[in-house]
K.L.:
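Shown below is the structure under consideration.
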Amino acid sequence: MLDIAVIGAGPAGYSAAINARKREKSVMVIGQSGGWLARAESIENYPGLPGVSGEQLLAAMREQALSMGAEQRPGVVHQVMDMGGVFALSLGGDFVEARRVILCTGAKQPRLLPGEEMLLGRGVSYCGTCDAMLYRGKRVAVVAQGPEAVSEANFLSTLCEHVTYFGAPDPALDARIEVSDKKPEAIAGEGRVRALVASGEELPFDGVFIFREAMALSALLPGLEMDGAFIRVDRQMHTSVPGVFAAGDCTGLPLQVAKAVGEGCIAALSAAQELK
Ligand SMILES: Cc1cc2nc3c(=O)[nH]c(=O)nc-3n(C[C@H](O)[C@H](O)[C@H](O)COP(=O)(O)OP(=O)(O)OC[C@H]3O[C@@H](n4cnc5c(N)ncnc54)[C@H](O)[C@@H]3O)c2cc1C
């Protein structure tokens with residue numbers, strides 16, 4: 001059991017991990033290194049390192065966190081479940097348990113397809129490894145918007161009667177999978193998935209699997225209070241869910257590295273204080 005799980009491997013996440021280690025807490029950063037900072041060619045306003053590239057800064061933060069004993073695990077957290085003082089984070093078919101959670105998920109929220117939220121668990125799934133058995137011998141669609149899509153589609157093709165993959169062709173895809181260049185627009189169904197609407201056409205499926213780089217916060221942690229598009233926090237970075245903190249771009253403007261690392265630090269110290 002970890003003391004602290006950090007969701008998101010950007011500057012807020014690494015700063016939270018560094019400061020959690022300074023308080024001698026076990027900490028794991030979950031997520032693929034990258035995010036927004038990796039795209040910045042040159043950062044002029046980060047104190048002490050004028051002109052550093054986003055990639056360099058992120059690599060240095062990562063190295064510092066890992067060298068201090070933080071762990072990192074790639075992957076997308078699908079859901080945070082409150083088990084009464086302990087949290088279970090689902091990652092594909094696996095779980096990570098932690099006593100405190102810090103959300104550092106950035107500002108980029110995925111846009112859900114119309115119908116997706118309503119039909120989640122009723123034909124819409126974010127995890128092939130968890131739900132493939134429910135679709136044994138059935139026809140499913142894969143909406144590919146994240147790095148896990150190819151391997152998950154391949155796994156689905158071992159159990160499902162037919163898999164249609166909505167995304168860029170990839171040589172690693174199993175030959176049984178049909179690749180479609182139609183653009184997913186909505187999910188249709190009353191109480192259960194009936195079809196994926198793509199490029200204006202209703203295509204019948206028993207299930208729709210969606211794989212993205214990030215999760216919508218409403219699916220990641222249902223009940224989390226928001227302030228518009230951002231997570232509501234107080235000055236100690238507590239969210240509305242006891243034991244869950246948030247830091248960085250996901251809590252609001254300004255979307256800046258200095259603010260992200262500052263909030264990551266506060267969130268980790270607040271979480272460590274509760275674990276005393
Ligand atoms: C082109 C560009 C230039 C910029 N230039 C500057 C600049 O000069 N100065 C400056 O201060 N700022 C700059 N910024 C902004 C800066 O990059 C952000 O403010 C900063 O990266 C925010 O850090 P963060 O850790 O909060 O979020 P992010 O860096 O966005 O990291 C969040 C990470 O969490 C991941 N994630 C989300 N959900 C999940 C999940 N469920 N499971 C696992 N992982 C998840 C995301 O994929 C992402 O990798 C720039 C941004 C861009 C795009």
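Both counts, for ligands and for their atoms, begin at 1 and track the order of listing. Residue numbers count from 1 along this sequence. Keep in mind the model is a prediction, meaning the values are calculated, not measured.
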K.L.:
Relative to the heavy atoms of N45, which atoms of ligand 1 are at a distance of less than 4.0 Å?
P.N.:
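Counting atoms of ligand 1 from 1, those under 4.0 Å from N45 are 7 (C), 8 (O), 9 (N), 10 (C), 11 (O).
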K.L.:
Closest non-hydrogen protein atom to atom 53 (C) of ligand 1, residue and atom name please, with distance?
P.N.:
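Among all protein heavy atoms, the one nearest atom 53 (C) of ligand 1 is W36 O, 3.8 Å.
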K.L.:
Any heavy-atom pair between the side chains of L49 and L57 that's under 4.5 Å?
P.N.:
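L57 vs L49: side chains touch.
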K.L.:
In terms of atom number and element, which parts of ligand 1 are under 4.0 angstrom from non-hydrogen atoms of G106?
P.N.:
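Here the atoms of ligand 1 in question are 27 (O), 30 (O), 32 (C).
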K.L.:
Return the closest protein heavy atom for atom 46 (C) of ligand 1 as residue, atom name and distance.
P.N.:
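The protein heavy atom lying closest is T105 O, 4.1 Å.
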K.L.:
Quick check on contacts: which atoms of ligand 1 are under 4.0 angstrom from a heavy atom of G248?
P.N.:
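Here the atoms of ligand 1 in question are 26 (O).
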K.L.:
Against heavy atoms of I30, which atoms of ligand 1 measure under 4.0 Å?
P.N.:
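Answer, ordered by atom number: 43 (C), 44 (N).
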K.L.:
Which residue supplies the protein heavy atom nearest to atom 31 (O) of ligand 1, what is that atom called, and how far is it?
P.N.:
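Protein heavy atom at minimum distance: G10 CA, 3.7 Å.
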K.L.:
Tell me the protein heavy atom at minimum distance from atom 26 (O) of ligand 1, and give that distance in Å.
P.N.:
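Scanning the protein heavy atoms, the shortest distance from atom 26 (O) of ligand 1 goes to D249 N, 2.8 Å.
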K.L.:
Mind checking the OG1-CD1 spacing from T105 to I231? Nearest 0.5 Å is all I need.
P.N.:
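The OG1 atom of T105 sits 4.5 Å away from the CD1 atom of I231.
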K.L.:
Counting non-hydrogen protein atoms only, what is the nearest one to atom 42 (N) of ligand 1? Give residue, atom name and distance.
P.N.:
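I find the closest protein heavy atom is V77 N, 2.9 Å.
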K.L.:
Would you mind running through ligand 1 and noting each atom that sits below 4.0 Å from a heavy atom of A12?
P.N.:
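Near A12, meaning under 4.0 Å from one of its heavy atoms, ligand 1 has 25 (O), 26 (O).
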K.L.:
Any ion pair linking R232 and D227 (charged N to carboxylate O, less than 4.0 Å)?
P.N.:
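A salt bridge links D227 with R232.
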K.L.:
Where the closest heavy atom to atom 43 (C) of ligand 1 is concerned, which of A214, A38, G75 has it?
P.N.:
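Result: the heavy atom closest to atom 43 (C) of ligand 1 is in G75.
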K.L.:
Quick one: do K138 and E161 make a salt bridge, cutoff under 4.0 Å?
P.N.:
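Salt bridge absent between K138 and E161.
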K.L.:
Please state which protein non-hydrogen atom is closest to atom 15 (C) of ligand 1 and give its distance, to 0.1 Å?
P.N.:
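Ranked first by proximity to atom 15 (C) of ligand 1 is L255 O, 3.6 Å.
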K.L.:
Looking at atom 1 (C) of ligand 1, what's its closest protein heavy atom, distance included?
P.N.:
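Checking every protein heavy atom, the shortest distance to atom 1 (C) of ligand 1 gives R39 O, 3.8 Å.
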K.L.:
Between E152 and Y126, do the side chains contain a donor N or O and an acceptor N or O under 3.5 Å apart?
P.N.:
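There is no such pair between these side chains.
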K.L.:
Could you give the distance from NZ (K22) to CE (M68), rounded to the nearest 0.5 Å?
P.N.:
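Answer for the NZ-CE pair, K22 versus M68, is 5.5 Å.
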K.L.:
Any non-hydrogen side-chain atom of F166 less than 4.5 Å from a side-chain atom of L203?
P.N.:
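Yes. Closest side-chain heavy atoms under 4.5 Å.
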K.L.:
Which atoms from ligand 1 have a heavy atom of V257 less than 4.0 Å away?
P.N.:
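Answer, ordered by atom number: 10 (C), 11 (O), 12 (N), 16 (C), 19 (O).
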K.L.:
Ignoring hydrogens and geometry beyond distance, is a side-chain donor-acceptor pair present between S42 and E44 at under 3.5 Å?
P.N.:
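Per modelled atom types, S42 and E44 side chains form a pair under 3.5 Å.
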K.L.:
From atom 5 (N) of ligand 1, work out which of P11, A107, A40, C104 has a heavy atom at the shortest distance.
P.N.:
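Answer by nearest heavy atom: A40.
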K.L.:
Indicate yes or no: does E202 engage R194 in a salt bridge with an N to O separation below 4.0 Å.
P.N.:
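R194 and E202: salt-bridged.
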K.L.:
Tell me: protein heavy atom nearest atom 47 (O) of ligand 1, and distance?
P.N.:
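Going atom by atom, the protein heavy atom closest to atom 47 (O) of ligand 1 ends up being E213 O, 4.1 Å.
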K.L.:
Under 4.0 Å between a side-chain nitrogen and a carboxylate oxygen: does that hold for E24 and K276?
P.N.:
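Salt bridge between E24 and K276, a charged N being under 4.0 Å from a carboxylate O: no.
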